[in-house]
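Letters A, B, ... are given to chains in the order of the sequence lines, protein chains preceding strands, and every chain is numbered from 1.
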Amino acid sequence: MLRFAPNPNGPLSFGHARGIIINGEYAREYDGELILRFDDTDTTVKPPLVEAYDIIQHESEWLLGFKPHRVVIASDRIEEYYRHVDLMIDGDFGYVCQCSAEEFREFRVSKTNCPCRKYEVNYNKQLWNKMLDGTFKPGDAVVRVKTDMTLKNPALRDWPALRIQDTISNPHPRENIGSKYRVWPLLDFQSAVEDHLQGVTHIIRGKDLMDSTRKQTLLYGHFGWEYPETMYWGRVKVHEWGGFSTSQMRKDIEDGKFSGWADPRLPTIAGLSGTGIQASALRNFWIELGVTQKDIAVPLATLYSHNIKVIDDNAPRVAFIRDPVEIKLEGINEANITIPTHPNNAEIGSRVIDLGNPIVYIEREDLQHSALRLKEFGDFDIDGKVATFVSKKRTDKRKIIHWVSQNSSDSAELEIVKDGELISIEGRLESHQIKLGTSVQLERIGYGIVAEKNKVIFTHN
RNA sequence: GCUCGUAUAGUGUAGUGGCCCAUCAUAAAGGACUCUCAUUCCUUUGACCCGGGUUCAAAUCCCGGUACGAGCACCA
């Protein structure tokens with residue numbers, strides 16, 4: 001029983017894909033189950049985005065190739081967490097602490113017990129009720145787990161389990177939750193209790209959560225539970241992207257720097273899939289990286305190479321002419337020609353090029369040669385804007401170029417992300433009946449995805 | 001500062017004491033095929049952080065060093 005637990009403060013991004021894919025893959029491999037859990041217990045610092053709940057479920061399914069077996073939403077489970085606070089106070093391994101964060105920090109550093117620690121169970125119950133009924137305001141009190149203030153690792157000393165949030169000013173965005181609760185669990189407590197309740201047996205997560213494991217293991221000890229088997233992965237940086245965070249992207253989108261979560265410049269799942277990265281390429285990529293604790297920096301080329309393997313066999317070939325120059329063909333007889341859509345996959349069929357009007361477009365850059373071969377058509381000699389037919393067969397080693405006919409092409413746009421900038425290239429795109437969203441290969445340019453009838457978004461080359 | 005963790009070719013990764021003059025992928029270079037600067041195929045280059053120790057035997061175990069990273073939030 002595994003789980004992946006994102007904060008729904010935005011849709012999934014590249015890094016989340018690792019979490020869902022690795023956990024999902026282990027679940028699949030060992031006939032286990034995968035829980036998708038929304039850890040939406042912060043309404044102030046990283047408030048959830050109400051649309052994200054649905055989007056994340058769809059994106060998870062897309063990434064995994066199957067639906068998560070169970071979906072759990074932490075904000076639906078608050079009463080359950082309260083119940084465990086009662087158990088914790090009754091068992092005298094939890095207490096209400098009224099120190100400020102700064103005050104407690106000093107106790108943590110000096111390894112001394114805070115004064116709130118010594119109170120009786122009954123007094124703690126009273127204080128806990130004051131947290132719940134609103135007597136205490138945010139910052140006035142917090143529930144702590146009793147560990148040991150002399151523990152070697154400072155992170156583990158009497159760590160905080162629940163705090164008060166101002167849910168009047170910052171209501172939870174889910175309508176049925178809203179301002180219903182003022183006391184909310186922190187990640188370490190919520191996650192620990194929920195993992196036990198759901199019967200999680202294995203946790204695979206980032207190594208930034210290593211101390212979480214240790215904190216939670218101490219709590220499990222108090223409850224008499226057995227902590228799941230845990231593995232960690234290290235940080236992954238993609239050289240071409242640098243650092244990014246969901247919160248920052250959210251801000252940039254709100255500021256209008258990006259068109260939305262699906263902006264092709266963003267390393268979100270929506271952005272990646274929109275530029276033609278396939279779910280199975282992402283799966284192969286993350287599975288290949290595996291679960292090591294090393295911090296790594298990977299080039300995008302690795303992901304692209306996986307993507308090419310996925311799409312090439314079925315990517316129709318299409319011509320797109322950048323910086324097109326009109327050329328008149330002399331000496332041809334055919335009104336149209338038929339050429340294959342894919343060089344090694346005949347099943348994809350063929351395309352018919354209309355030459356009723358003997359005008360074609362080629363890229364300006366190719367015009368510097370005086371002898372050219374129009375691919376799948378014939379050899380031509382170029383003189384100015386006129387191309388004279390020489391031969392159907394190849395007569396020499398002249399350069400082979402892609403081209404489109406005027407009748408069988410439309411003006412179109414190729415959108416490319418380069419160094420974080422969105423660049424639009426105008427040109428002529430071969431007329432086609434390709435379904436939107438299909439990955440194609442623009443001959444001599446690279447792979448792209450048909451976003452609109454006359455707009456292709458570049459994937460990679 | 002305290003605590004925890006990691007260290008194999010350019011980049012990733014396999015390898016848990018002898019099958020290792022170290023696997024695979026990717027990148028780079030060269031070549032074959034090809035009516036695309038694509039795909040496919042072949043070849044080449046290229047690595048066990050440093051220093052000690054244990055052992056008949058160490059990439060693999062231990063100690064120290066160094067480098068890098070993470071945690072010490074009333075975020076997740």
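- B:C21 is unpaired under the criterion used here, namely a Watson-Crick or G-U wobble arrangement in which both key atom distances are under 3.5 Å.
- Base engagement by A:Gly139 is indicated by at least one non-hydrogen atom pair under 4.0 Å involving a base atom.
- Base pairing annotation: B:U34 forms no Watson-Crick or G-U wobble pair, as no partner gives both donor-acceptor distances under 3.5 Å.
- Between A:Arg157 and B:U3, a side-chain N or O to OP1/OP2 separation shorter than 4.0 Å is absent.
- Counting any heavy atom pair closer than 4.0 Å across all strands shown, A:Asp42 reaches sugar-phosphate atoms only and no base atom.
- Across all strands, A:Ala5 comes closer than 4.0 Å to no nucleic acid atom at all (heavy-atom distances).
- Note on A:Arg235: a side-chain N or O is less than 4.0 Å away from OP1 or OP2 of B:A70.
- For A:Thr41, a side-chain nitrogen or oxygen approaches OP1 or OP2 of B:A76 to under 4.0 Å.
- The nucleotide B:A57 finds no pairing partner, because no Watson-Crick or G-U wobble arrangement with both distances shorter than 3.5 Å includes it.
- When heavy atoms are screened at a 4.0 angstrom cut-off, A:Glu288 is found touching the sugar-phosphate backbone but no base atom.
- Pairing for B:U43 is with B:A29, a Watson-Crick or G-U wobble pair whose two hydrogen-bonding atom distances lie under 3.5 Å.
- Side-chain N/O atoms of A:Lys46 and base N/O atoms of B:C75 include a donor-acceptor pair closer than 3.5 Å.
- Heavy atoms of A:Thr44 sit nowhere under 4.0 angstrom from any nucleic acid atom.
- The residue A:Leu187 sits close to a base: some heavy atom pair falls under 4.0 Å.
- Within the nucleic acid shown, A:Tyr447 comes within 4.0 Å of sugar-phosphate atoms alone, with no base atom in reach, counting heavy atoms only.
- For the pair A:Lys294 and B:G5, the criterion of a side-chain N or O lying under 4.0 Å from OP1 or OP2 is not met.
- At distances below 3.5 Å, at least one donor-acceptor pair connects side-chain atoms of A:Asn23 with backbone N or O atoms of A:Gly19.
- Among the protein residues, A:Leu151 comes within range of no part of the nucleic acid, since none of its heavy atoms lies under 4.0 Å from any strand.
- Note on A:Arg250 versus A:Glu254: salt bridge recorded, some NZ/NE/NH1/NH2 to OD/OE distance being below 4.0 Å.
- Minimum heavy-atom separation, A:Phe4 to A:His16: CZ-O, 3.5 Å.
- As the counterpart of B:G64, B:C50 is assigned, both hydrogen-bonding distances of the Watson-Crick or G-U wobble pattern falling under 3.5 Å.
- Salt bridge A:Arg37/A:Glu194: absent, no basic N to carboxylate O contact under 4.0 Å.
- Base pairing of B:U3: its partner is B:A70, meeting the Watson-Crick or G-U wobble criterion (both donor-acceptor distances under 3.5 Å).
- The side chain of A:Lys207 lies closest to B:G5 when the candidates are B:C35, B:G5, B:C72.
- Here A:Pro138 lies out of heavy-atom contact (under 4.0 Å) with every strand.
- A sub-4.0 Å separation between OP1 or OP2 of B:U26 and a side-chain N or O of A:Lys309 is present.
- For the pair A:His402 (side chain) and A:Phe320 (backbone), a donor-acceptor distance under 3.5 Å is present.
- When heavy atoms are screened at a 4.0 angstrom cut-off, A:Arg317 is found touching base atoms of the nucleic acid.
- Residue contacts for A:Arg373: at a heavy-atom cut-off of 4.0 Å it reaches a base atom on one of the strands shown.
- Listed pair A:Arg37 / B:A76 fails the phosphate criterion, with no side-chain N or O lying under 4.0 Å from OP1 or OP2.
- Checked by atom type and distance alone, the side chain of A:Glu363 pairs as donor or acceptor with a backbone atom of A:Arg322 at under 3.5 Å.
- Out of B:G71, B:A27, B:A76, the shortest distance to the side chain of A:Leu209 is found at B:A76.
- In this structure, A:Ser212 reaches neither bases nor backbone, as no heavy-atom distance under 4.0 Å exists between it and the strands shown.
- Residue-level contact check: A:Ile401 touches neither bases nor backbone, having no heavy atom under 4.0 Å from any strand.
- Between the side chain of A:Thr43 and the backbone N or O of A:His172, no donor-acceptor pair lies under 3.5 Å.
- Counting non-hydrogen atoms under 4.0 angstrom, A:Gln293 reaches the backbone sugars and phosphates but no base.
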